[in-house]
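Down below is the structure, laid out as structure tokens.
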Amino acid sequence: MVRANGAVSLRELARVVQTSEVTVRRDVRALEAEGLLDRRHGGAVLPGGFTRESGFPQKSHLSTAEKTAIADLAAGLVEEGEAIVVGAGTTTQELARRLARVPGLTVVTNSLLVAQALAHANRVEVVMTGGTLRGSNYALVGSGAEQSLQGLRVSRAFLSGAGLSAERGLSTSNMLSASVDRALVQAAAEVVVLADHTKLGTDTMFQTVPTDLITHLVTDEPPTGDDRAATELQALADRGVQVAVASTDGADNGMSLRQRREMPPVPGPRRHQHPSGNYPGGAAPGEPRARAAGQSGGGVSGMSPLRTAQLAGEQQAARIADLAPRRH
């Protein structure tokens, strides 16, 4: 599977060979010792895969259930009549398919896949950047893409990447893609990162979004025993990122992100100032909705107490649940 796809998650390996993830993790460790593959957080890649980016055919077969759950939950952040930007990636493509049902929406994107997913949505306006086509992920990059984003203002940006860590934020392995993603961030009042658990704690070559500019993280539930992912989620929450965890087992994800935004606002200043400066009226587009997300700081939402305990034990679950009161 690794040779065919370039990378594979432990969860998918366990499902294919019909064994536990603990057993698969042990086997992957043995194969790494023989030099047959490289372990990555939550999965494995071909040797030397740290700096090599997988193409769309490989990425589209990885963590499909996780991407679907993440897209379902993230779609709750988008409301009728909004203007947003959506970056390139297979997870953002899944999100775009759900956005086709939102009336009056304007989506600015540099991704042909995102545009294709919205092409037949007659109530959604799609605006594409210029630029040069990068065939490996069907994205428009380069100076043409960046220049077309100058002067743009939208409520939020939805981005994915190759790695996410509390220390460095979101990163990718391609310089041109990173540069366009930075331009997308500059256009938005809020930044929503969509990243499955295999990307947590992974650091790749080019930073796209520093942690202090990430408003929301939508991810999936890490497998039991994945202490690294649990630690990274806690660290991101401690840095002020609002974390929502989607369930991949078909269970109810609980209160949607849209419902959380409709809760009574919690007083407190914004965690960071948008790099483009002040907006007319004293608030950036989408700021009132950001305040209504349930807290002004970070936290982990969208999972039951049982799932939270599976992340890192009862002690960490209690710490996560208490994040909001402690941050004021």
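Keep in mind that this is a model prediction, so the values were computed, not measured.
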Evaluation steps, side chain to side chain contact (heavy atoms under 4.5 Å, CB included), between Val107 and Val124: CA-CA 7 Å; Val107 177; Val124 177; 4.1 Å; yes
Donor-acceptor under 3.5 Å (Asp196 side chain, Asp220 main chain): no
Lys67 backbone acceptor or donor facing Thr91 side chain under 3.5 Å: no
Donor-acceptor under 3.5 Å (Arg156 side chain, Leu77 main chain): yes
Heavy-atom pair with the smallest gap, counting every atom of Leu164 and Ile214: CD1-CD1, 3.9 Å
Check: Thr109 side chain, Val86 main-chain N or O, donor-acceptor pair, under 3.5 Å: yes
Steps toward side chain to side chain contact (heavy atoms under 4.5 Å, CB included) verdict (Thr231, Leu200): CA-CA 9 Å; Thr231 300; Leu200 297 176; over 6 Å; no
Expected output: side-chain Ser171 to main-chain Thr204 donor-acceptor under 3.5 Å: yes
Any residue meeting salt bridge (Lys or Arg N to Asp or Glu O under 4.0 Å) with Glu94, in chain and number order, not counting sequence neighbours: Arg97, Arg98
Side-chain donor-acceptor pair present, Ser179, Glu146, cut-off under 3.5 Å: yes
Donor-acceptor pair, side chain of Glu232 and main chain of Ala166, under 3.5 angstrom: yes
pair Ser177-Arg134: side-chain heavy atoms closer than 4.5 Å: yes
Distance-only side-chain donor-acceptor flag, Asn174 / Thr172, under 3.5 Å: no
Side-chain heavy-atom pair Pro222, Leu233 within 4.5 angstrom cut-off: yes
Any donor-acceptor N or O pair under 3.5 Å, side chains Ser155, Glu82: yes
Expected output: side-chain Arg228 to main-chain Gly201 donor-acceptor under 3.5 Å: yes
Short side-chain to backbone donor-acceptor contact, Thr129 and Ala145, under 3.5 Å: no
Expected output: side-chain Arg182 to main-chain Gln207 donor-acceptor under 3.5 Å: yes
Distance-minimising heavy-atom pair for Ser247 and Ala69: O-CB, 3.3 Å
Between side-chain atoms of residues 110-119 and protein atoms elsewhere (two or more places apart, or another chain), which donor-acceptor pairs fall under 3.5 Å?
unit_1: Asn110; atom_1: ND2; unit_2: Leu140; atom_2: O; d: 3.0
unit_1: Ser111; atom_1: OG; unit_2: Leu113; atom_2: N; d: 3.2
unit_1: Ser111; atom_1: OG; unit_2: Val114; atom_2: N; d: 3.1

Candidate pair Glu221 and His197, rule side chain to side chain contact (heavy atoms under 4.5 Å, CB included), full reasoning: CA-CA 7 Å; Glu221 183 182 341; His197 74 273; over 6 Å; no
Audit row: Phe158, Val78, side chain to side chain contact (heavy atoms under 4.5 Å, CB included) steps and yes/no: CA-CA 10 Å; Phe158 291 86; Val78 183; 3.5 Å; yes
Residue pair Ser160 / Lys199, side-chain donor-acceptor N/O under 3.5 Å: yes
